Amino acid sequence: MTTLRGAVVLVVGASGGLGSRVAALLESSGAVVARSSKSDGYDLREPSVIQAMLDETNAQYGRLDGLVVASGVVAFGAASDLEPATVDELFAVNTTGPIRLITKSQPYLAVSAREGREPFIVTLSGVVAEAPVAGLAAYSASKAGLAAFVVAAAREYRRAGIRIVDARPGHTGTALSEHPIAGTAPRFGAALDPDLVAARIVTAIADGEKDLPSTAF
Ligand SMILES: NC(=O)c1ccc[n+]([C@@H]2O[C@H](COP(=O)([O-])OP(=O)(O)OC[C@H]3O[C@@H](n4cnc5c(N)ncnc54)[C@H](OP(=O)(O)O)[C@@H]3O)[C@@H](O)[C@H]2O)c1
């Protein structure tokens with residue numbers, strides 16, 4: 001079990017459908033939650049923003065015990081029609097931004113581990129990292145890249161007492177697919193309930209789970 005009471009957790013993408021719910025549930029479990037989102041000036045496409053948000057959280061709350069990366073963008077359309085700028089944004093927001101967050105948060109989380117807490121990182125890649133989808137080729141690739149990084153980094157971070165969990169839910173009923181950076185969403189089947197997806201993620205954090213594959217949702 002990981003004690004959430006008093007844990008300082010930075011939620012990136014806290015304005016989103018899943019990020020807002022995860023942040024609220026963490027707070028109701030007693031965590032102290034720092035919220036970050038693009039509309040607050042933290043655009044993950046700008047690398048300097050990442051160190052700044054970690055430093056600001058540490059300066060304001062005195063430490064960092066958890067990081068939830070719930071930011072992300074999606075794009076729809078044929079692989080042959082993809083614009084380079086769309087691919088760049090998908091990878092900057094969904095892959096390299098989260099990778100930098102994982103990298104740059106390590107020193108803060110290592111302190112948390114040394115002080116006897118149980119630091120964690122949660123990423124949200126999605127089922128497309130397990131089963132890439134036609135019409136979502138670049139989105140799928142950006143998420144598979146993040147998921148692969150997490151598998152490898154988790155083995156390294158474990159040695160420092162830091163747990164990294166990648167959550168891979170299927171299509172979930174948030175507004176993500178209503179504001180793609182390119183293309184138009186196809187007709188999806190039934191969506192997962194975002195309240196249940198967020199609750200499953202927070203349960204996994206509290207219970208010390210090490211992975212959240214699509215079958216967990
Ligand atoms: N919904 C699904 O079906 C589903 C399924 C599996 C995985 N996921 C993943 O779960 C995560 C959350 O998805 P969601 O459904 O909650 O989406 P959402 O409601 O659209 O929220 C997306 C979040 O990402 C932030 N964001 C977007 N571009 C950003 C940028 N350049 N820099 C910093 N933050 C940025 C948004 O901030 P602003 O509001 O300020 O723009 C918002 O907080 C995403 O990574 C998504 O790929 C979603």
Side-chain angles (χ1 to χ4, degrees), residues 10-25 33-54 56 67-76 85-102 104 121-133 135-147 149-150 165-183 185-202 204 212-217:
L10 171 62
V11 178
V12 178
S15 58
L18 288 172
S20 59
R21 288 172 168 84
V22 168
L25 288 170
V33 176
R35 291 171 165 80
S36 154
S37 66
K38 188 178 68 174
S39 30
D40 292 333
Y42 294 106
D43 190 328
L44 285 178
R45 288 171 292 179
E46 176 52 58
S48 62
V49 147
I50 287 165
Q51 190 67 56
M53 71 172 100
L54 292 165
E56 283 171 28
L67 168 67
V68 178
V69 187
S71 45
V73 286
V74 70
F76 301 102
T86 302
V87 179
D88 287 350
E89 184 169 352
L90 283 169
F91 276 79
V93 179
N94 294 348
T95 319
T96 53
I99 287 173
R100 279 199 193 94
L101 275 162
I102 293 168
K104 300 288 184 189
I121 300 172
V122 175
T123 54
L124 269 146
S125 65
V127 67
V128 295
E130 299 174 357
V133 174
L136 282 164
Y139 176 72
S140 300
S142 71
K143 293 296 193 172
L146 174 62
F149 181 88
V150 167
V165 182
D166 183 43
R168 300 184 293 283
H171 174 59
T172 305
T174 68
L176 178 71
S177 59
E178 293 161 24
H179 48 231
I181 59 170
R187 194 183 291 265
F188 284 109
L192 296 171
D193 180 337
D195 288 322
L196 297 181
V197 170
R200 182 69 189 85
I201 290 170
V202 174
L212 273 175
S214 55
T215 50
F217 291 93

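Note that the structure is a prediction, hence the values are computed from the model and not measured. Start at 1 and go down the list; that is how both ligands and their atoms are numbered.
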Would you mind writing out a table of all protein N or O atoms found under 3.5 Å from any N or O atom of ligand 1, naming both atoms and giving the distance to 0.1 Å?
from	atom 1	to	atom 2	distance (Å)
ligand 1	1 (N)	Thr172	O	3.4
ligand 1	1 (N)	Thr174	OG1	3.1
ligand 1	3 (O)	Thr172	N	2.7
ligand 1	3 (O)	Thr172	O	3.4
ligand 1	15 (O)	Thr174	OG1	2.4
ligand 1	16 (O)	Gly17	N	3.2
ligand 1	16 (O)	Leu18	N	2.8
ligand 1	19 (O)	Gly17	N	2.8
ligand 1	20 (O)	His179	NE2	2.7
ligand 1	24 (O)	Gly72	N	3.1
ligand 1	31 (N)	Asp43	OD1	2.8
ligand 1	32 (N)	Leu44	N	2.8
ligand 1	37 (O)	Ser15	OG	3.3
ligand 1	39 (O)	Ser15	OG	2.6
ligand 1	40 (O)	Ser15	OG	3.4
ligand 1	40 (O)	Lys38	N	3.2
ligand 1	40 (O)	Ser39	N	2.8
ligand 1	40 (O)	Ser39	OG	2.7
ligand 1	43 (O)	Gly13	O	3.2
ligand 1	43 (O)	Ser15	OG	2.7
ligand 1	43 (O)	Gly16	N	3.1
ligand 1	45 (O)	Ser71	O	2.7
ligand 1	45 (O)	Lys143	NZ	2.7
ligand 1	47 (O)	Tyr139	OH	2.7
ligand 1	47 (O)	Lys143	NZ	3.0

### Message
Quick check on side-chain contact (heavy atoms from CB on, under 4.5 Å): which of Asn94, Leu101, Thr96, Val73 does Leu44 satisfy it with?
### Response
Leu101
### Spacing of Ser125 atom OG and Glu130 atom CD [to the nearest 0.5 Å]
7.0 Å
### Message
Nearest 0.5 angstrom please: Ile102 CD1 to Ile121 CD1, how far?
### Response
5.5 Å
#### Entry: Non-neighbouring partners of Asp40 that pass salt bridge (Lys or Arg N to Asp or Glu O under 4.0 Å), sequence neighbours left out
none
### Task
Check salt bridge (Lys or Arg N to Asp or Glu O under 4.0 Å) between Arg100 and all other residues, then give those that pass, not counting sequence neighbours.
none
### Query
Got a sec, which residues hit salt bridge (Lys or Arg N to Asp or Glu O under 4.0 Å) with Asp195, two or more places apart in sequence or on another chain?
Arg21
